[in-house]
Amino acid sequence: MPGNLVIKGGLVVDPSQRLEEVRDVFVEGGKIAKKAPEGALVVDAAGCWVVPGLVDMHVHLREPGREADETIASGAAAAAAGGVTTVLAMPNTEPPLDNPSLLSLLRAKAAIDAKVNVLFAAAVSLGQRGAALTEIFRLREAGAAALSDDGRPVMDSGLMRRALEYSRDAGLLLIDHAEDLGLSAAAPMNEGPAAAAKGLRGAPWSAETIHVLRDVALCELTGAGVHIAHISAAQSVAAVRSAKKRGLPISAEAAPHHFALTDGDIEGFDADYKMNPPLRSKADREALLEGLADGTIDAIATDHAPHDGAKKAAGLALAPCGVIGLETSLGLALTLLVAKKVIDKKRLVELMSAGPARLLGLKGKGSLRPGCDGDVTIVDPKARWTVPGSFISKSRNSPFLGMNLKGRAKATIVAGEVVHAL
Amino acid sequence: MGDGSTLEPEGPALQDLSASEIESILDAAASFKKSKTSKALAGRVATLIFSEPSTSTRSSFEIAARRLSAEVLGFSTASSSLLKGETLLDTIWNLEAMGVEYFVVRHEVSGILEELAPRTKASLINAGDGAHEHPTQALLDILTLREKKGALKGLKVVIVGDILHSRVARSNIHGLKKLGAKVTVCGPRALVPSGIESLGAAVSHDLDAALSGADAVNVLRLQLERQKENFVTSLPDYYAAYGVTAERLSKIPGCAVLHPGPMNRGVEIESAAADGPQSAILEQVSNGVLVRMAVLALIEEWRSHAG
């Protein structure tokens, strides 16, 4: 029977059930079941961890408009290869996803093309121009999973206030790309010694933190949840931590490149190290590690941003921002966070599955409780591998090429179907 | 990078040269003072690609290449059509296919030569990339100081002006530090990038304090459009605080005055200072040709050894 599985002998790590023990996991008709179904395919998970399918709440799939860089199909295949069973695609496509009809079309396409669950964030403002709100209720009816103008900040605080009021009424999470454009001034990297040495303008950390602090104030004013995308600066983490202490519904995600690298790691003028927000200082990186460990940061999300090689060949100053991440994020988290004891296994599952599922209100995801969706990632924590020069993604703009990692997804299961296996 | 007598074909970035390599370029330049011309590049074609306007640097490279008997093909391209790295690369590949072996490149993008160099067999010579490096300018500045002061070791050199956007400042800091000089960069906070001290320069925002005891001051050109971007309050206000004037120089009679040109008289430097007895500005220009001859000749030597 399709959708029927017995996942045998793995260490089940499921914080939703406070579970960390060796046991079998059953999937029947695409849902987690209490006992073994008849005629099930048996998947051997001995020596591996069995965790709820990973949820990456921040990816760019480039469809429609930039299919040479990525498509829904190729991005979903890259997700499967990385152990990710659900992605949230950002709306800065060409044209931007700002209306219900485009959303319906893309959801229909994803249902056919995608190996994993593809959810869509709709734009906050029409054309992502920051002037007029999108039709938030109709977008929710059409299946929007969140709202975001990602790629651009919502510069107008008045518009942001209204967006938050409506997102609260509609029950959709608002994800903010926090950046004061006047301060960052399109600088290609972080302000500091590395930019000074290369002769490039730098964007200061405060460009992000000012908007995080603004969002905290608007969160308090409206009572609406705000989620800070790709948080990168120490002072931003501190702002989120103190807002959470006051009980405000604020949350944040961090990207692997920000917890793995600093601006000092940028090789020459290699644009594969260019993204927005940029790689920051050592102190910022350490603050992210602390925030990931202490619960200030709720999710690891890749900001997977594919760009065709020719665009990145223009070098650090001119190339577009963004790096791919779906196929390396689990390996980086296992190598740099779990193996180095920054976080434990349970926290990893919270950050990569349960946390983002909760933030997005995804019922049946982020947990292996019976009745939940049969989305499961089987993690081989001991597998040693080197990030190769080619990817399942259509693009290869990664700063991690050639890096040695320990741990990766051995198999990825979506609704009881094995969509990736090593 | 080589044995100290020759240069690899990327052309010098001061950051990557050793002290002895810098000295050997300066020695080669000094030797051209006597010989004036050579056949070193006979039969070679050098192309000057300038995506930014430049009279002085371009003329200097052209004269240098001609004195070495090279044929010179020079063109400027509107920056819009050369803006993308890959377009410039296509241009270089096409000319390379026609037999051009030397490209002297001026480009507004920091780091563009580092991106291009690994993709061509031709030699790229950096005539200024964005705010990153302007190696031959720093070499001619240093040659001029060596002639004026004998040795660089222990000299106190002040670089004043728009450090943030200055390739001249960065190349000078690298070169001067390697030869043992002490460097202070001076300018308003808006034009001094945070972290520049990591290159080994002291930072000052008070020109009079910085100039005290200085052996040389290198005065950077202030791009007039910086005012529109609010990097400076006004040009007269800038001049009041950071203008190098005869009055300021009168307190430090042993201080040589350098300027990479072209000058904005009355903005970053007073005419009386630019044309006065402490000025070494025209010597810089003369030395520029010699330094560029030296760089081209040494790269040719490397290319012939590399076979």
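First the proteins, then the strands, lettered A, B, ... as listed; each starts at 1. FYI, side chains are in, hydrogens and waters are out, and symmetry mates aren't considered; it's all heavy atoms of this structure.
For Arg170(B) (side chain) and Ala196(A) (main-chain N/O), a donor-acceptor pair under 3.5 Å exists by modelled atom type.
Going from atom CG of Leu318(A) over to atom NE2 of His107(B) covers 7.0 Å, rounded to the nearest 0.5 Å. Atom CD1 in Ile112(B) sits 11.5 Å away from atom CG in Leu316(A) (nearest 0.5 Å). Expressed to the nearest 0.5 Å, how far CZ of Phe269(A) lies from CD of Glu115(B) amounts to 8.5 Å.
Around CD of Glu225(B), the count of heavy atoms belonging to other residues, nucleotides or ligands within 6.0 Å exceeds 12. More than 12 heavy-atom neighbours from other residues, nucleotides or ligands sit within 6.0 angstrom of CZ on Arg241(A).
Heavy atoms of Glu229(B) lying under 4.5 Å from chain A belong exclusively to its side chain. Only the side chain of Leu199(B) has a heavy atom closer than 4.5 Å to any heavy atom of chain A.
Residues Lys198(A) and Ser110(B) are not in side-chain contact: their nearest non-hydrogen atoms beyond the backbone lie 4.5 Å or more apart.
Scanning both residues, Glu114(B) and Gly268(A), for their nearest heavy atoms gives OE1-CA, 3.8 Å.
When Ser194(B), Pro193(B), Ser198(B) are each tested for a side-chain contact (heavy atoms from CB on, under 4.5 Å) with Pro193(A), only one passes: Ser198(B).
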